[in-house]
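Working notes, structure below.
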Amino acid sequence: MLLTIKCAQNVIKPNFQKVANLLASRCKSGLSHGIATTATRGSGWQISVLYSPAAREAAKAATGGSANLRRFYGTQNSEAPATKTTSKKRKMVLHLQLVSCPQVRLNEQERAEKLQPLLEAGWTLVEGRDAIFKQFILKDFNQAFSFMTGVALLAEKINHHPEWFNCYNKVDVTLSTHDVGGLSSQDIRMANHLETTASLLK
Ligand SMILES: C[C@H](O)[C@H](O)[C@H]1CNC2=NC(N)=NC(=O)C2=N1
């Protein structure tokens with residue numbers, strides 16, 4: 001998954017590239033790196049990252065992880081709106097424009113590294129589809145429903161939903177990323193979450 005971060009026209013690009021990579025590397029959603037490109041009007045969310053809790057929440061929600069949004073350049077009054085600088089001498093204020101993270105399908109290396117452990121944990125490749133499947137067997141219906149509830153919370157948070165079927169204590173789960181027609185890092189993340197949730201219930 002790629003986090004594309006757009007910067008205001010007047011930002012010094014190399015610095016911003018570092019910011020973009022740092023921000024991308026801090027996101028738990030499997031981001032590989034950030035790309036700083038010149039901002040275009042109206043694309044994605046305009047986030048003045050450094051200046052408001054709402055911006056931090058928006059950035060966290062947008063990156064599905066705990067992006068560590070720290071002060072890179074600052075003004076004295078951290079609550080001042082990012083756009084106001086009262087002194088010429090102040091350092092440049094960065095505006096981060098965080099756009100949605102386009103999904104990409106897993107490449108061969110990622111499949112070897114991230115998919116293999118799941119196949120060893122009982123997931124199987126779905127015939128004729130770039131998807132993975134596993135049947136989870138829980139103690140009883142209550143446990144199965146708790147399992148699904150726990151997973152549903154993450155699904156909503158990262159906007160990535162399993163295809164699943166429940167019958168009493170069994171939950172059949174198929175994972176694939178519809179937007180790209182195959183497996184992406186979101187499926188890996190979701191599968192690992194399913195494994196963790198199931199193991200906590202046992
Ligand atoms: C419009 C909505 O954000 C998209 O359809 C999201 C919702 N949940 C999703 N879930 C899965 N598994 N794949 C997707 O591509 C996907 N896309």
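Position 1 is the first residue of the sequence, and the numbers go up from there.
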Carefully, step by step, assess Lys139 and Lys202 under the rule side chain to side chain contact (heavy atoms under 4.5 Å, CB included). CA-CA 8 Å; Lys139 193 165 56 121; Lys202 284 188 175 134; over 6 Å; no
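- Remark: Lys170 fails to qualify as a cation-pi partner of Tyr168 under the 6.0 Å distance and 45° angle criteria applied to the six-membered ring.
- Between Ala112 and Gln116 the shortest heavy-atom distance is O-CB, 3.1 Å.
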Evaluate the side chain to side chain contact (heavy atoms under 4.5 Å, CB included) criterion for residues Val171 and Leu194: first the C-alpha distance (whole Å), next the side-chain angles of each, then the deciding distance (0.1 Å), finally the verdict. CA-CA 11 Å; Val171 182; Leu194 281 147; over 6 Å; no
For the pair Asp172 and Phe133, evaluate side chain to side chain contact (heavy atoms under 4.5 Å, CB included) and give the outcome as yes or no after the intermediate values. CA-CA 7 Å; Asp172 293 348; Phe133 170 85; 3.6 Å; yes
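- By the 4.5 Å heavy-atom criterion applied to side chains, Asn166 and Phe141 are counted as neighbours.
- Taking Glu108 as the reference, Arg111 meet the side chain to side chain contact (heavy atoms under 4.5 Å, CB included) condition, with sequence neighbours excluded.
- In this structure, Leu138 CG and Asn169 CG are separated by 7.0 Å, a value rounded to the nearest 0.5 Å.
- In the hydrophobic cluster analysis, where Ile, Leu, Val, Met, Phe, Trp and Tyr join through side-chain heavy atoms closer than 4.5 angstrom, Leu183 is grouped together with Leu119.
- The main-chain N or O of Gln186 is found under 3.5 Å from a side-chain atom of Ser184 such that the two form a donor-acceptor pair.
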Applying side chain to side chain contact (heavy atoms under 4.5 Å, CB included), run through Val151 and Met190 and close with a yes or a no. CA-CA 8 Å; Val151 171; Met190 181 53 79; 3.8 Å; yes
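- Separation of atoms CG (Asp130) and CG (Leu125) is listed at 8.0 Å; rounding is to 0.5 Å.
- When each of Thr177, Leu106, Leu115, Val180 is tested with Asp187 by the rule side-chain contact (heavy atoms from CB on, under 4.5 Å), just one qualifies, namely Thr177.
- Glu163 pairs by the salt bridge (charged side-chain N to carboxylate O under 4.0 Å, His left out) definition with Arg129, not counting sequence neighbours.
- Ile137 belongs to no hydrophobic cluster, as no Ile, Leu, Val, Met, Phe, Trp or Tyr side chain comes under 4.5 Å of its own.
- Between Arg105 and Glu110, none of the side-chain N atoms (NZ, or NE/NH1/NH2) sits under 4.0 Å from a carboxylate O, so this pair counts as no salt bridge.
- Distance OG1/Thr174 to CH2/Trp164: 12.0 Å, rounded to 0.5 Å.
- A donor-acceptor pair under 3.5 Å is absent between the side-chain atoms of Asn192 and the main chain of Arg189, judged by distance alone.
- Note that the NZ atom of Lys134 and the CG atom of Leu175 stand 11.0 Å from one another [nearest 0.5 Å].
- Taking the side chain as every heavy atom from C-beta outward, Leu118 and Glu195 approach each other to under 4.5 Å.
- To the nearest 0.5 angstrom, His193 atom NE2 is 15.0 Å from Ile188 atom CD1.
- Separation of the Phe136 and Trp123 ring centroids falls under the 6.0 Å cut-off.
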